[in-house]
Novice: 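Here's a structure for you.
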Amino acid sequence: MEMNNHSMVTEIFLLGFQHLNNFKILFFSLILLIHILTIYENILVIALVTISRNLQSPMFFFLQQLSLSDLLQSMVIVPILLKTVMNEGAKISLIGCIVQLYIFGVTEALQCLLLTVMSYDRYLAICNPLCYSLIMNHRFCVKLIIMSWLLALSFISITVITAATQEFCNQNTINHFFCDYFPLLELSCSDTSLAQILMTTLSFPVLLIPFILISGSYICIAHEILTITSNIGRQKAFSTCSSHLAVVSIFYGSLIVTYVVPTRNQSQTIGKLLSLLYTVVTPFINPMIYSLRSTDMKNALGNIIQ
């Protein structure tokens with residue numbers, strides 16, 4: 001896979017997970033099952049929120065956008081992952097690699113911003129319920145969604161354009177299962193220091209600030225929950241918040257380790273396993289944790305089945 005002239009690099013070879021041996025079929029089957037369930041869950045959430053009159057609250061409006069983001073990401077990342085598992089690698093054109101990086105980046109950034117918006121929605125609903133309906137009206141919710149999309153598209157455009165304008169030479173093999181930012185930069189024969197600084201800088205408004213805001217929101221929510229006199233109500237509220245925090249911690253933790261504090265000494269296998277968390281696992285569990293567990297969603301699904 002070596003290239004002598006950087007102008008000849010027109011395709012990228014993704015190594016994926018090597019040396020799976022006897023576990024290849026098992027790993028492929030597991031990822032395929034998760035992928036099918038992910039598509040089913042997220043389409044179900046999008047459809048239910050669209051057609052059910054009982055799911056028109058701001059939270060379900062945000063969850064619908066989160067499911068759309070999860071669905072797009074899964075359809076962009078998982079098929080090439082499955083291909084690398086079965087064929088012990090996969091070829092993708094350089095343009096296709098850049099497009100995959102862009103769509104992946106937009107969906108990840110959008111999820112970060114949507115989770116922040118959702119935490120603010122829960123904060124208002126629990127800590128300031130009297131002002132909730134006044135603040136979280138339909139117009140304001142639409143503005144939040146549009147802002148989230150525009151910020152995700154603009155931030156990722158900057159980083160992807162920086163990566164796309166690099167000169168790629170010498171070799172075209174990426175030891176990953178998709179076209180990720182830092183592995184792609186390793187193929188460049190030009191100076192990538194500016195691109196790396198840019199990614200670290202943009203990770204603050206996209207990753208760290210949302211994570212801090214979400215943490216602050218849930219701290220306030222937890223404080224409010226402690227004032228609930230009913231033990232059953234308190235346990236139910238804590239159960240919901242703890243499951244949300246667990247998903248947020250997995251999602252943001254793996255992203256921060258990968259993009260904010262990346263280390264060259266980090267095992268490539270560990271890096272790929274971390275990537276599985278936010279590209280495969282999170283889109284799979286998001287609908288179950290945030291949407292399908294809710295009573296309103298179950299009732300809406302039951303009404304349709306009947």
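Values in this document were obtained by computation on a predicted structure and should not be read as measured data. The first residue of the sequence shown is numbered 1, and numbering continues consecutively from there.
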Novice: Side-chain contact test, heavy atoms from C-beta onward, threshold under 4.5 Å: evaluate it for L184 versus F168 and give yes or no.
Specialist: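 With C-beta onward as the side chain, the pair touches.
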Novice: Please indicate whether Y123 has more than 12 foreign heavy atoms, meaning atoms of other residues, nucleotides or ligands, lying under 6.0 Å from its OH.
Specialist: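 Not buried by this count: 12 neighbours or fewer within 6.0 Å.
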Novice: Looking at side-chain heavy atoms only, is the closest gap between L276 and F177 below 4.5 Å?
Specialist: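 When only atoms from C-beta onward are counted, F177 and L276 do touch, with a gap below 4.5 Å.
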Novice: Check whether the side chains of N54 and S52 place a donor and an acceptor atom closer than 3.5 Å, and report yes or no.
Specialist: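 Note: N54 and S52 side chains miss the donor-acceptor criterion.
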Novice: Distance alone, cut at 3.5 Å: any donor-acceptor contact between the side chains of Q64 and T50?
Specialist: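 Yes, T50 and Q64 have a side-chain donor paired with an acceptor closer than 3.5 Å.
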Novice: Could you measure the distance from the CD1 atom of I214 to the CD1 atom of I209? Nearest 0.5 Å is fine.
Specialist: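 CD1 of I209 is found 12.0 Å from CD1 of I214.
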Novice: Go through it in stages, so that I can follow the logic: the residues are F178 and L81, the test is side chain to side chain contact (heavy atoms under 4.5 Å, CB included), and I'd like the CA-CA distance, side-chain angles, deciding distance and then a yes or no.
Specialist: CA-CA 7 Å; F178 74 102; L81 166 60; over 6 Å; no
Novice: Please check if the side chain of T84 supplies one atom and the backbone of L15 the other of a donor-acceptor pair under 3.5 Å.
Specialist: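 No, T84 side chain to L15 backbone: no donor-acceptor pair under 3.5 Å.
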Novice: Considering only residues two or more places apart or on different chains, which pairs with a residue in residues 270-290 satisfy side-chain hydrogen bond (donor to acceptor under 3.5 Å, both in side chains)?
Specialist: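 The answer is D70-N286, N175-K272, H176-S275, Y259-Y278, S275-Y278.
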Novice: Would T162 and Y181 satisfy side chain to side chain contact (heavy atoms under 4.5 Å, CB included), going step by step from the backbone distance to the final call?
Specialist: CA-CA 10 Å; T162 304; Y181 190 76; 4.3 Å; yes
Novice: Would one find more than 12 heavy atoms of other residues, nucleotides or ligands at under 6.0 Å from atom CG of L153?
Specialist: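 Count over threshold, so yes.
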Novice: If you measure from CD on Q166 to CG on L194, what distance do you get to the nearest 0.5 Å?
Specialist: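 Answer for the CD-CG pair, Q166 versus L194, is 8.5 Å.
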Novice: Side chain to side chain contact (heavy atoms under 4.5 Å, CB included) between F17 and L273: does it pass, once the steps are laid out?
Specialist: CA-CA 9 Å; F17 289 91; L273 290 174; 4.1 Å; yes
Novice: Suppose we screen for side-chain hydrogen bond (donor to acceptor under 3.5 Å, both in side chains). Which residues come up paired with Y132, at least two apart in sequence or across chains?
Specialist: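 side-chain hydrogen bond (donor to acceptor under 3.5 Å, both in side chains) list for Y132, sorted by chain: D121.
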Novice: Is the shortest side-chain heavy-atom distance between M288 and I285 below 4.5 Å?
Specialist: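 A side-chain contact exists here, since the closest heavy-atom pair is under 4.5 Å.
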Novice: Using a 3.5 Å distance criterion without hydrogens, assess whether the side chain of Q100 forms a donor-acceptor pair with backbone atoms of V76.
Specialist: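 Yes.
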Novice: Determine whether more than 12 heavy atoms belonging to other residues, nucleotides or ligands lie under 6.0 Å from atom CE of M147.
Specialist: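 Incorrect, the count does not exceed 12.
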Novice: Please report the interatomic distance CD1(I25) to CG(L32), rounded to the nearest 0.5 Å.
Specialist: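 Result: 11.0 Å between the selected atoms.
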Novice: Not counting sequence neighbours, list each pair that qualifies as a disulfide bond (SG atoms under 2.5 Å apart) and has a residue in residues 96-127.
Specialist: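 Listed once each, the pairs are C97-C179.
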Novice: From S148 OG over to L114 CG, what is the distance, rounded to the nearest 0.5 angstrom?
Specialist: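 Between atom OG of S148 and atom CG of L114 there are 5.0 Å.
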Novice: Going by heavy atoms in the side chains, are L115 and F211 under 4.5 Å from each other?
Specialist: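 No, their side chains stay 4.5 Å or more apart.
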Novice: Between OG1 of T201 and CZ of F155, what distance do you get to the nearest 0.5 Å?
Specialist: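 So the OG1 of T201 and the CZ of F155 are separated by 11.0 Å.
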Novice: Can you list everything that forms a side chain to side chain contact (heavy atoms under 4.5 Å, CB included) with I161? Sequence neighbours excluded, please.
Specialist: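 I161 satisfies side chain to side chain contact (heavy atoms under 4.5 Å, CB included) with T165 once adjacent residues are dropped.
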Novice: Enumerate the disulfide bond (SG atoms under 2.5 Å apart) contacts for residues 195-228, please, sequence neighbours excluded, ordered by first and then second residue.
Specialist: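 Checked against disulfide bond (SG atoms under 2.5 Å apart) - neighbours excluded - no pair reaches residues 195-228.
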Novice: Could you tell me whether the side chain of N137 and the main chain of L134 form a donor-acceptor pair under 3.5 Å?
Specialist: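 Between the backbone of L134 and the side chain of N137 there is a qualifying donor-acceptor contact (under 3.5 Å).
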Novice: By the side-chain hydrogen bond (donor to acceptor under 3.5 Å, both in side chains) test, which pairs, at least two apart or in different chains, include something from residues 18-39?
Specialist: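 Residue pairs with at least one partner in residues 18-39: H35-S74.
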Novice: Going by heavy atoms in the side chains, are L63 and V49 under 4.5 Å from each other?
Specialist: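 A side-chain contact under 4.5 Å is absent here.
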Novice: Enter the distance from L185:CG to T192:OG1 here, rounded to the nearest 0.5 Å.
Specialist: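 If I round to the nearest 0.5 Å, the distance is 5.5 Å.
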Novice: Walk me through whether L110 and W149 qualify under side chain to side chain contact (heavy atoms under 4.5 Å, CB included).
Specialist: CA-CA 6 Å; L110 182 61; W149 273 100; 3.3 Å; yes
